[in-house]
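Here is the structure we will look at.
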Amino acid sequence: MAPSRAKKEPASPTPPSDDATPKDASENGKIKRKRQSQSCDACRARKVRCARENPDDPKQPCKHCVALGIACTYEYQPKKRGPPNLYLRRLQEAAAAQAAAHQENGNSTNGSDVPQSPVSITPSATSPPQTSVSPISQPTPVSSFLDPALNSIPQSMHTTSLPPSRYPIAADGFHSQYPPMPSMSASSYNPSANGLSSRPPQRHDDNQPFGSPAEQFSTYPLFNWSYKQHQSLPIPPPTVIPPLSYYYRPHRLEDVAPRDTILLIIALFFDFVYPLTPCVHKPSFMADVHAHREERDPLFFALVMSTVASTLVQVPRSYLPMERHAVRKLAQTCHEASRHITVASYDPPTSMHVVIRYFDCVYHFCEGHDATQHAAFGEAAHIAITLRMHEESSYEGLELIECEVRRRTFWLLFADKSMSILLGRPICLRDEDTTCNFPRELDDEYITPSAYLPQPHGKTALVSGLNYISRIFALLGEILVRIRVDKRSPPQGQFLTARLEEVQALHSRIVAALAHAPEPLRLKQAHPQAHIPPEYGGPGFRQATFAEVKDFFDNPNASRANALNPFLVMQANLYVTQQLVRFVIEQYRDELVTSLQGAVDESRVAEDREVVASELLNILHSIPIQSIATNGPSLVHKVRFVASTLLDAVKKAETAPQSAARAHAYLWDFLSILSEIERNYLLDDDRDGTSSADGMPLVS
């Protein structure tokens, strides 16, 4: 490529054209350089010098086009220059107009105020100093995270209307269809009113706990502002946005809610949520909370906030001494407080970042923020990969507590296979890329920074449930990979036979996946698997179970014994997930048999479907409804997936036995109860129990 053009160059190596006249020669005898004629289209696109022997002959191809064997054309037409950028001129005209107005006021009132031009505002006037901030002495709302120095914005920036330009543009007439923006003075500046806060502007009253019933909440106002909110909220000038680093500073828990309330929610987390998501080390976490670590470590404050937010949307409302709207507002406030801090602290990445994003993913799933939920999961998974949490070699040299937190968090993320099968999405974390070992089956009190203490004999560790569910998801990942590879390139002949044998082996492994589970995780069957008693369905069963569900969610004095039993809660998750994976494997096995033999035995398929429905019903009836409800909406997604597919199979099968139809009818009866459980977890009254079809079932 030719070097960049200099201001002075020697005479051009290209000979002058024939129409050159003696005027082209200067008085000192030097020949003036004549500007090269237009380059061909190919050379212009490649940004290279067009090499022609005769530059003035448009029919002669250049050397580059001849070498490349392409047509040498000259069809490019230069575009006309647009109007000049009048933004600065309009600002200066506005400042001059205001200065004239102030001058007139000064002449009449003998004032001497001189207006400040908007263009004179420098970024340093709005950027906060990068100094450490001491803990706040008085409780302040989360909106106080914004920079108080931003109040120095001159009023002229907001109140002065710009005069029309000599060159009208589309933006000149665009604002006429919207209501005028309210003016803001420095004394009345409110970050929420400028759209900087992620919540709509609200009237705060320190005497009201977390807001009044009249306050309205948007689903996720940071990204899903409605059109009406866009009209009502004025757009701030670019200079009022503080840097991200401003939010990364210590805070007190009292800045968000009373400390006793936060501690109560954390206690509920360890009682009801932690058995399914054991991604923090309880002794060290609680020690840090009691030592007020959040006032020294902003990232730990974000971890506490995300823990509280995800807990509020997963525990029954009767366990919290707050109204539904107050619970939802506090959850949103905690999530946003965490988000403000973590977006400014990605580097260097830590395991705490992964845990925070996983909790954020749970929060958005329960709130129905589908796209935001998947984005949070993607962040968690990719930060984990950045830390090489999927590689066993990356754990060398780490403290033992850090090792176990990383292992547990990674295997929680490994459950993305459920999202993959239920939503038809690619697998993010694949088994063949993973060398990380399962977490040690030790309770937290037996894990220290430098040593593993022995687990007492006969005491089953809570993390054993995570290990068994991870094995089930590994099997689901294996079958999903084979299904999708075969869909792209269907096997034939001996390869089809080999694939069928692989799927049969996977079926045997999933059936025996929980055969050696410890005693607390083993299901106590209420009835034989092949027997479906009449009491499994009917109006009497539905009414009695609905009453139990209502009592569980609405009565603060209801018994919590079954919900507080972590192994009963994990049983529901383990055995329902096992039936889901078994069902997927059997479906694909039947497809391979059809491809190999040209047909499949419909009666055998109907019997297999009846067995799945019967076993799923027995599982759901063998576990107390309170333990099932503690699993939340994720369990409902799995049962709904199996039940809907089974119902389609019964409708298609002309020879389906009556017992199969009854099993499926009972399963749908139970699904209506699970849907009632799902509805009770919603904090948004406007949705009235409707659930997004794109929500990811977060399974642990």
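Residues take their numbers from the sequence shown, with the count starting at 1.
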Next on the checklist: Taking Val549's backbone N and O only, do any of them form a donor-acceptor pair with Glu676's side chain (distance below 3.5 Å, no angle check)?
Outcome noted: no
Next on the checklist: Below 30° counts as parallel, above 60° as perpendicular, anything between as tilted: where do the rings of Phe272 and Tyr319 land?
Outcome noted: tilted
Item to check | Donor-acceptor contact below 3.5 Å, side chain Asn565 vs main chain Phe567 | outcome: yes
Checklist outcome for this item: side chain to side chain donor-acceptor pair (under 3.5 Å) test vs Glu367 passes for just one of Gln332, His335, Arg328, namely Arg328
Checklist entry - Can you check whether Val581's main-chain N or O pairs, donor with acceptor, with Glu586's side chain at less than 3.5 Å? => result no
Checklist entry - Going through the distances and angles, do Ser627 and Asn562 end up as a side chain to side chain donor-acceptor pair (under 3.5 Å)? => result CA-CA 6 Å; Ser627 303; Asn562 292 327; 5.1 Å; no
Next on the checklist: Closer than 4.0 angstrom, basic N to acidic O: yes or no for Arg357 and Asp360?
Outcome noted: yes
Next on the checklist: A quick test of your reading: do over 12 heavy atoms of other residues, nucleotides or ligands sit less than 6.0 Å from CD of Glu502?
Outcome noted: yes
Checklist entry - Thr434 side chain to Arg430 main-chain N or O, any donor-acceptor pair under 3.5 Å? => result yes
Checklist entry - Hey, mind stepping through Tyr575 and Glu615 against side-chain contact (heavy atoms from CB on, under 4.5 Å) and telling me if it holds? => result CA-CA 9 Å; Tyr575 285 90; Glu615 291 197 9; over 6 Å; no
Checklist entry - Taking the six-membered ring for Trp, are His637 and Phe365 parallel (under 30°), tilted (30 to 60°) or perpendicular (over 60°)? => result tilted
Checklist entry - Taking atom types as modelled and ignoring hydrogens, do the side chains of His292 and Glu295 form a donor-acceptor contact shorter than 3.5 angstrom? => result yes
Checklist entry - Does Phe552 reach the side chain of Ser318, with side-chain heavy atoms less than 4.5 Å apart? => result no
Checklist outcome for this item: The side chain to side chain contact (heavy atoms under 4.5 Å, CB included) partner of Cys279 among Leu413, Val405, Leu412 is Leu412
Checklist entry - Is the NZ or CZ atom of Arg440 positioned over Phe438's six-membered ring, under 6.0 angstrom from the centre and within 45° of the axis? => result no
Next on the checklist: With heavy-atom distances below 4.5 Å as the criterion, would you say the side chains of Arg408 and Thr277 are in contact?
Outcome noted: no
Checklist entry - Would a 4.5 Å heavy-atom cut-off, applied to side chains only, mark Pro298 and His251 as touching? => result no
Next on the checklist: Walk me through whether Leu476 and Ile421 qualify under side-chain contact (heavy atoms from CB on, under 4.5 Å).
Outcome noted: CA-CA 9 Å; Leu476 179 57; Ile421 184 61; 4.1 Å; yes
Checklist entry - Between Gln455 and Lys459, what is the shortest heavy-atom contact and its length? => result NE2-O, 3.3 Å
Item to check | Heavy-atom donor-acceptor pair, Trp411 side chain to Asn437 backbone, under 3.5 Å | outcome: yes
Item to check | Under 3.5 Å side-chain donor-acceptor pair for His364 and His374 | outcome: no
Item to check | Glu379 vs Tyr346, side chain to side chain donor-acceptor pair (under 3.5 Å): CA-CA, chis, key distance, verdict | outcome: CA-CA 10 Å; Glu379 284 191 41; Tyr346 282 116; 2.4 Å; yes
Checklist entry - Can the ring centroids of Phe377 and Tyr358 be said to lie less than 6.0 angstrom from one another? => result no
Item to check | Gln579 to Leu616 - nearest heavy-atom pair and separation | outcome: CB-CD1, 4.2 Å
Next on the checklist: So, taking the atom named CD1 in Ile385 and the one named CG in Asp433, what distance separates them when rounded to the nearest 0.5 Å?
Outcome noted: 8.0 Å
Checklist entry - Is a donor on one side and an acceptor on the other found under 3.5 Å between the side chain of Ser394 and the backbone of Arg388? => result yes
Checklist entry - Going by distance alone, is a donor N or O of one side chain under 3.5 Å from an acceptor N or O of the other, for Ser420 and Arg484? => result yes
Checklist entry - Which distance, rounded to the nearest 0.5 Å, do you find between the CD of Gln626 and the CD1 of Ile677? => result 9.0 Å
Next on the checklist: Determine whether Lys524 and Ser622 satisfy the following criterion, side chain to side chain donor-acceptor pair (under 3.5 Å), listing intermediate values before the conclusion.
Outcome noted: CA-CA 7 Å; Lys524 282 73 177 176; Ser622 300; over 6 Å; no
Checklist entry - Which is it for Ile619 and Ile623 under the side-chain contact (heavy atoms from CB on, under 4.5 Å) test, yes or no, and what are the steps along the way? => result CA-CA 7 Å; Ile619 291 168; Ile623 300 173; 4.2 Å; yes
Item to check | Taking every non-hydrogen atom, the tightest pair across Thr350 and Ile383 | outcome: O-CG2, 4.3 Å
Checklist entry - Mind checking whether Phe285 and Leu303 have side chains closer than 4.5 Å, heavy atoms only? => result yes
Next on the checklist: Are Glu678 and Arg640 packed together at the side-chain level, in the sense that at least one heavy-atom pair is separated by less than 4.5 angstrom?
Outcome noted: yes
Checklist entry - Are Arg407 and Glu392 close enough, and set up right, to give a salt bridge (Lys or Arg N to Asp or Glu O under 4.0 Å), and what steps lead you there? => result CA-CA 9 Å; Arg407 294 186 200 278; Glu392 182 61 29; 2.7 Å; yes
Checklist entry - Taking the side chain from Ser418 and the backbone from Ala415, do they hold a donor-acceptor pair closer than 3.5 Å? => result no
Checklist entry - Is there a donor-acceptor contact under 3.5 Å linking the side chains of Tyr395 and Glu402? => result no
Next on the checklist: Between Asp347 and Pro349, is there a side-chain heavy-atom distance shorter than 4.5 Å?
Outcome noted: yes
Item to check | Pairs meeting criterion salt bridge (Lys or Arg N to Asp or Glu O under 4.0 Å) with involvement of residues 506-515, two or more places apart | outcome: Glu478-Arg509
Checklist outcome for this item: On a heavy-atom basis, the closest approach of Gln373 and Cys361 is O-SG, 3.5 Å
Checklist entry - Of all heavy-atom pairs between Ile266 and Val308, which one has the smallest distance, and what is that distance? => result CG1-CG2, 4.3 Å
Checklist entry - Do other residues, nucleotides or ligands put more than 12 heavy atoms under 6.0 Å from the CZ atom of Arg560? => result yes
Checklist outcome for this item: dist Leu466:CG -> Phe473:CZ (nearest 0.5 Å) comes out at 10.0 Å
Item to check | Arg482 to Tyr588 six-membered ring, cation-pi geometry met (6.0 Å, 45°) | outcome: no
Checklist entry - With sequence neighbours left out, which residue pairs that include part of residues 464-474 fulfil the side chain to side chain donor-acceptor pair (under 3.5 Å) condition? => result Glu441-Asn467
Item to check | Pair listing, salt bridge (Lys or Arg N to Asp or Glu O under 4.0 Å) test, anchored in residues 265-278, at least two apart | outcome: none
Checklist entry - Which distance, rounded to the nearest 0.5 Å, do you find between the CG of Leu400 and the CG of Leu453? => result 10.0 Å
Checklist entry - Going by heavy atoms in the side chains, are Phe270 and Met286 under 4.5 Å from each other? => result yes
Item to check | Ion pair check, Arg499 and Asp486, cut-off under 4.0 Å | outcome: yes
Item to check | Euclidean distance, Leu299 CG relative to Arg293 CZ, rounded to 0.5 Å | outcome: 8.0 Å
Checklist entry - Is the shortest heavy-atom distance from the side chain of Arg589 to the side chain of Gln504 under 4.5 Å? => result yes
Checklist outcome for this item: Nearest heavy-atom contact between Asp444 and His281 is O-NE2, 3.0 Å
Checklist entry - Can Val481 and Val485 be said to form a side-chain contact (heavy atoms from CB on, under 4.5 Å), step by step? => result CA-CA 6 Å; Val481 169; Val485 168; 4.2 Å; yes
Checklist outcome for this item: Rounded to the nearest 0.5 Å, the CG atom of Leu480 sits from the NZ atom of Lys417 at a distance of 9.0 Å
